[in-house]
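Step one of this worksheet: look at the structure below.
These values consider heavy atoms only, across backbone and side chains, with no hydrogens, waters or symmetry-generated copies.
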Amino acid sequence: MTEYCISAIGHISSAYKQKFAIPRQPRLVPQAKAKLIFEKEFNREEFVRGLDDFSHIWLIFRFHGTADKGYSPMVRPPRLGGNERKGVFATRATFRPNAIGMSAVQLDAIEYKNGQLSLLLSGIDLLDGTPILDIKPYLPYSDALPQASAGFADCEPQTDMHVEFEPSVLNFIAQQIEYPELTQFITNVLKQDPRPAYKKQKNAQQSYGMTLYDFNIRWQVVGDTNLVTQIEKS
Ligand code: SAH
């Protein structure tokens, strides 16, 4: 097999510090902001000249958090409740040959500050530190295919969990003035019910945790509600 050597042109700095609870596609949580920070070789405005005319871009990236685990020919998409298997090439699973991912995300701004070129993005589904292999402008006339059919992934994923906060958590968040969208961010992440599919059938009360930015957040599943019980700075 021919081998190719590719290297990252930049990496992502994002609020998502672990895989768990990251939305399964971009756009689902608009408050998910990130910075794409260019590597030294590409750290020049020329590389992105004209890109600010585009509202959205494609990111081609490496699933660096799972790449060392290899791939499976068949995977269980969460959409199918984790019970049914599909060929890896029929899914967006992370465990794939070459571990390459793609996301269309919103480009909010191009920043050149203190000698560092960055793209400011929102609606991302990427782990902090994700290596970016390429960037391309999103072309609606060609990339948007509203008539396309998508089999088991044909409709928007369900985001119907209720999300509630303990008053102490809301008090804490109100003091984090640098993060004005934190309540909405947490709400949208938890609305999607990040639990693994096989746990959703169980009715037992369960408690989960995630880190967003440097906040450790815990919640409890009570029926169809995710109740945020705890938040602290790590
Ligand atoms: N939009 C992409 C990603 C789909 S999989 C594509 O279609 O190719 C989405 C999942 O990838 C998220 O739920 C998150 O848990 C995982 N993920 C995001 N960044 C990752 C990374 N750098 N390494 C491993 N997994 C990652």
Side-chain angles (χ1 to χ4, degrees), residues 1 3-37 39 56-106 119 121-136 138 143 148 150-159 161 185 188-200 208-213 217:
M1 227 178 354
E3 292 205 343
Y4 303 91
C5 181
I6 45 177
S7 45
I9 58 154
H11 69 272
I12 289 288
S13 167
S14 102
Y16 295 124
K17 305 301 177 189
Q18 76 288 299
K19 257 197 82 178
F20 179 58
I22 301 181
R24 302 212 165 91
Q25 283 302 336
R27 241 181 23 82
L28 297 172
V29 178
Q31 293 78 16
K33 310 238 185 247
K35 245 185 196 190
L36 192 168
I37 300 163
E39 300 302 334
H56 292 77
I57 56 174
W58 283 106
L59 298 179
I60 315 295
F61 60 91
R62 175 131 169 114
F63 286 117
H64 76 307
T66 45
D68 61 346
K69 300 202 172 74
Y71 68 90
S72 320
M74 294 195 84
V75 298
R76 297 168 197 272
R79 283 294 194 104
L80 297 172
N83 304 319
E84 221 181 298
R85 299 202 302 164
K86 295 279 178 193
V88 65
F89 296 132
T91 75
R92 294 296 193 94
T94 59
F95 301 99
R96 53 200 312 119
N98 295 321
I100 287 176
M102 55 189 270
S103 295
V105 302
Q106 185 171 312
L119 303 184
L121 310 169
S122 52
I124 59 127
D125 58 347
L126 305 174
L127 189 60
D128 189 40
T130 297
I132 302 299
L133 307 177
D134 201 359
I135 299 165
K136 301 189 189 205
Y138 178 86
D143 295 345
F152 68 87
D154 218 3
C155 50
E156 295 242 342
Q158 286 193 316
T159 55
M161 285 293 280
F185 188 13
N188 285 343
V189 169
L190 295 189
K191 258 188 185 177
Q192 312 171 77
D193 196 358
R195 281 178 297 173
Y198 70 92
K199 293 235 169 156
K200 290 184 187 171
Y208 295 91
M210 65 176 171
T211 304
L212 290 181
Y213 301 108
I217 297 157

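Smallest separation of non-hydrogen atoms from Asp154 and Ala148: OD1-O, 4.3 Å. Of all heavy-atom pairs spanning Pro23 and Asp125, the tightest one is O-CB, 3.5 Å. Nearest heavy atom pair, residue Pro77 against residue Lys86, reads CG-CG, 3.9 Å. Between Val105 and Gly123, the shortest heavy-atom distance links the atoms CG1-O, 4.3 Å. The two residues Met74 and Gly87 come nearest to each other via the heavy atoms CE-N, 4.1 Å. Taking every heavy atom of both residues into account, Asn188 and Pro30 meet most closely at ND2-CD, 4.1 Å.
Proximity of Gln106 to Arg27: side-chain heavy atoms (C-beta onward) are nowhere separated by under 4.5 Å. The closest side-chain heavy-atom distance from Phe89 to Arg96 is below 4.5 Å. Contact annotation: the side chain of Thr130 approaches that of His64 to within less than 4.5 Å [non-hydrogen atoms, C-beta and beyond]. Side chains of Ile124 and Ser103 form no contact here, defined as non-hydrogen atoms less than 4.5 Å apart. Residues Leu212 and Tyr16 have side chains in contact (heavy-atom distance under 4.5 Å, counting atoms from C-beta outward). Side-chain atoms of Val88 and Pro73, non-hydrogen and from C-beta on, never get closer than 4.5 Å to each other. Side-chain contact check for Thr211 versus Gln18: some heavy-atom pair is nearer than 4.5 Å. Leu126 has its side chain out of reach of Leu121: every pair of non-hydrogen atoms, C-beta onward, lies at least 4.5 Å apart.
Ring planes of Tyr208 and Phe20: tilted class, angle from 30 to 60°. By the 30° and 60° cut-offs, the orientation of the rings of Tyr138 relative to Trp58 is tilted.
Annotation: the span from Ile12 atom CD1 to Ile132 atom CD1 amounts to 4.0 Å, rounded to 0.5 Å. Ile135 contributes atom CD1, which lies 5.5 Å from atom CD1 of Ile57 (distance to the nearest 0.5 angstrom). Interatomic distance, Arg24 CZ to Arg92 CZ, rounded to the nearest 0.5 Å: 14.5 Å. In this structure, CE in Met210 is found 11.0 Å from CD1 in Ile22, a value given to the nearest 0.5 Å. Separating the CE atom in Met102 from the CG atom in Leu133 is a distance of 13.0 Å, to the nearest 0.5 Å. Between atom NE2 of residue His56 and atom CG of residue Asp143 there is a gap of 12.0 Å, rounded to the nearest 0.5 Å.
Within a 6.0 Å radius of CZ in Phe95, more than 12 heavy atoms belonging to other residues, nucleotides or ligands are found.
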Pair Ile37-His11, side chain to side chain contact (heavy atoms under 4.5 Å, CB included): steps then yes or no: CA-CA 5 Å; Ile37 300 163; His11 69 272; 4.0 Å; yes

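Remark: side-chain polar atoms of Asp128 are paired, donor with acceptor, to backbone N or O of Ser14 under 3.5 angstrom. Arg62 contributes a side-chain N or O that, together with a main-chain N or O of Asn98, makes up a donor-acceptor pair within less than 3.5 Å.
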